[in-house]
Amino acid sequence: MPEKSDLLELCKSVAIQAGIRLLQKTDQGIKNYAHSSELPKEIKAIADVVLEREILQALVPTGIAILSEECGLLPAKIPSKQLFIVDPLDGTFNFVKGLGPSAVSIALWENGKPLFGVIYSLLDQDLVWGGPSLGSHANGNRIMVSETQERSQASICTGFPVRLDLTSQDVIQDFARLVSPFAKVRMLGSAAISLLHVANGSADVYSEQNIMLWDVAAGLAIVEGAGGSVQYVPGTVENALNVYASNGKISNLG
């Protein structure tokens, strides 16, 4: 069984290399995309496929099971309760449109809990990694959550995942109850980057309903490593979660 430290170094290397190579591709074909037939609000780009192929080529030889957004679950080849969770490109719409942040996201979980997460931000080319027993770091520098205690002075990052039923009045009312006490609300289009903002203290809370596990797996680990707290329960579809992550000083009213 590979050591956790070796797996972390592998993921850091893979995330950086995949991200840099993607940014170096100048042909516009990499940004070609199509809307999903099952989820019309979701898009899939050539970049998603290219990144996943490169990441999986590096992770499969470890023998550990892999859950990836594009290809689903790849079973383990060795006895292990560990699971890699991969989002090759979180924030695909932002990436193809040049609209905002996007990231390569790789996590290692065990028995349903995060061991570490690695996120490479494509917009600013930062590598961020961390976990509950590791601390969290951005480009080698330790990061910590904020000290904000009052919602009236705090910011919340959130969004409307494509699987969220926005025709439901209950959903809309729940969302209003969630965000109305906060001073500022931000929707960045990338759950991974939103969680990084909580981890580095520039935001205080992140919460979304029915967000997919691969969107948040690495970011949740990094928030914990930065001294924050995370709560998550299964959503209404497979591999979806209802998530509340904070600096640990602003509790979940839900």
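Computation of the quantities below employed the complete heavy-atom set of this structure, encompassing side-chain atoms and omitting hydrogens, waters and symmetry-equivalent molecules.
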In the structure I gave you, are the side-chain heavy atoms of [X] and [Y] within less than 4.5 Å of one another anywhere?
{"X": "S190", "Y": "S102", "value": "no"}
{"X": "V233", "Y": "L241", "value": "no"}
{"X": "I106", "Y": "Y120", "value": "no"}
{"X": "I55", "Y": "E52", "value": "no"}
{"X": "D48", "Y": "Y33", "value": "no"}
{"X": "L51", "Y": "V104", "value": "yes"}
{"X": "L108", "Y": "L83", "value": "no"}
{"X": "I156", "Y": "D204", "value": "no"}

Counting N and O atoms only, with roles assigned by atom type, does the side chain of [X] sit under 3.5 Å from a partner on the main chain of [Y], one being a donor and the other an acceptor?
{"X": "N139", "Y": "L127", "value": "yes"}
{"X": "S121", "Y": "A103", "value": "no"}
{"X": "N210", "Y": "T236", "value": "yes"}
{"X": "S168", "Y": "D165", "value": "no"}
{"X": "N94", "Y": "P101", "value": "yes"}
{"X": "S180", "Y": "A176", "value": "yes"}

Can you measure from [atom1] ([X]) to [atom2] ([Y]) and round to the nearest 0.5 angstrom?
{"X": "I211", "Y": "L164", "atom1": "CD1", "atom2": "CG", "answer": "9.5 Å"}
{"X": "E69", "Y": "E42", "atom1": "CD", "atom2": "CD", "answer": "6.0 Å"}
{"X": "E3", "Y": "L7", "atom1": "CD", "atom2": "CG", "answer": "8.5 Å"}
{"X": "F95", "Y": "I43", "atom1": "CZ", "atom2": "CD1", "answer": "10.5 Å"}
{"X": "D87", "Y": "L89", "atom1": "CG", "atom2": "CG", "answer": "7.0 Å"}
{"X": "L67", "Y": "M212", "atom1": "CG", "atom2": "CE", "answer": "8.5 Å"}

message: Could you check whether K44 pairs with E70 (Lys NZ or Arg NE/NH1/NH2 to Asp/Glu carboxylate O, under 4.0 Å)?
response: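 A salt bridge links K44 with E70.
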- prompt: How far apart are the C-alpha atoms of L99 and F93, what are their side-chain angles, what is the distance that settles it, and do they pass the side-chain contact (heavy atoms from CB on, under 4.5 Å) test?
  reply: CA-CA 8 Å; L99 187 60; F93 194 87; 4.0 Å; yes
- request: Could you give me the CA-CA distance, side-chain angles and deciding distance for V60 and K77, then say whether side-chain contact (heavy atoms from CB on, under 4.5 Å) is met?
  value: CA-CA 9 Å; V60 165; K77 296 180 180 179; 3.7 Å; yes
Looking at every non-hydrogen atom in both residues, tell me the closest pair between [X] and [Y] and how far apart they are.
{"X": "I222", "Y": "A199", "value": "CG2-CB, 3.7 Å"}
{"X": "C157", "Y": "L188", "value": "SG-CD1, 4.3 Å"}
{"X": "D215", "Y": "A191", "value": "O-CB, 3.7 Å"}
{"X": "R142", "Y": "G225", "value": "NH2-O, 3.4 Å"}
{"X": "I30", "Y": "A45", "value": "O-CB, 4.4 Å"}
{"X": "G117", "Y": "A221", "value": "N-CB, 3.5 Å"}

message: If you count heavy atoms of other groups shown closer than 6.0 angstrom to CD of E147, is the number above 12?
response: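 No, the 6.0 Å shell around CD holds no more than 12 heavy atoms from other groups.
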query: Is the number of heavy atoms from other residues, nucleotides or ligands within 6.0 Å of CD (E110) greater than 12?
result: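 For E110, atom CD is crowded (more than 12 foreign heavy atoms under 6.0 Å).
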State yes or no: do [X] and [Y] share one hydrophobic cluster built from I, L, V, M, F, W and Y residues joined by side-chain heavy-atom distances below 4.5 Å, directly or via other members?
{"X": "I85", "Y": "I66", "answer": "no"}
{"X": "V223", "Y": "L213", "answer": "yes"}
{"X": "L56", "Y": "L73", "answer": "no"}
{"X": "W109", "Y": "I64", "answer": "no"}
{"X": "W214", "Y": "L220", "answer": "yes"}

task: Apply the test side chain to side chain donor-acceptor pair (under 3.5 Å) to residues S229 and S246: give CA-CA distance (whole Å), side-chain angles for both, the deciding distance (0.1 Å), then the verdict.
output: CA-CA 6 Å; S229 67; S246 77; 3.3 Å; yes
message: Could you go through L134 and L8, starting from their C-alpha distance and side-chain angles, then the distance that decides it, and tell me whether this counts as side-chain contact (heavy atoms from CB on, under 4.5 Å)?
response: CA-CA 10 Å; L134 300 170; L8 173 59; 4.1 Å; yes
query: Is K4 positioned over the aromatic face of F116, cation under 6.0 angstrom from the ring centre and no more than 45 degrees off axis?
result: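 Output no; distance or angle outside limits.
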query: Between S146 and N247, does any side-chain donor sit less than 3.5 Å from a side-chain acceptor?
result: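 Distance-only check passes for S146 and N247.
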message: Between Q17 and S13, do the side chains contain a donor N or O and an acceptor N or O under 3.5 Å apart?
response: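 The answer is yes; a qualifying pair exists.
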message: Considering only residues two or more places apart or on different chains, which pairs with a residue in residues 169-208 satisfy ring-ring contact (aromatic ring centres under 6.0 Å, His included)?
response: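 For residues 169-208: F160-F175.
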task: For the pair E9 and D6, evaluate side-chain contact (heavy atoms from CB on, under 4.5 Å) and give the outcome as yes or no after the intermediate values.
output: CA-CA 5 Å; E9 292 306 313; D6 294 332; 5.8 Å; no
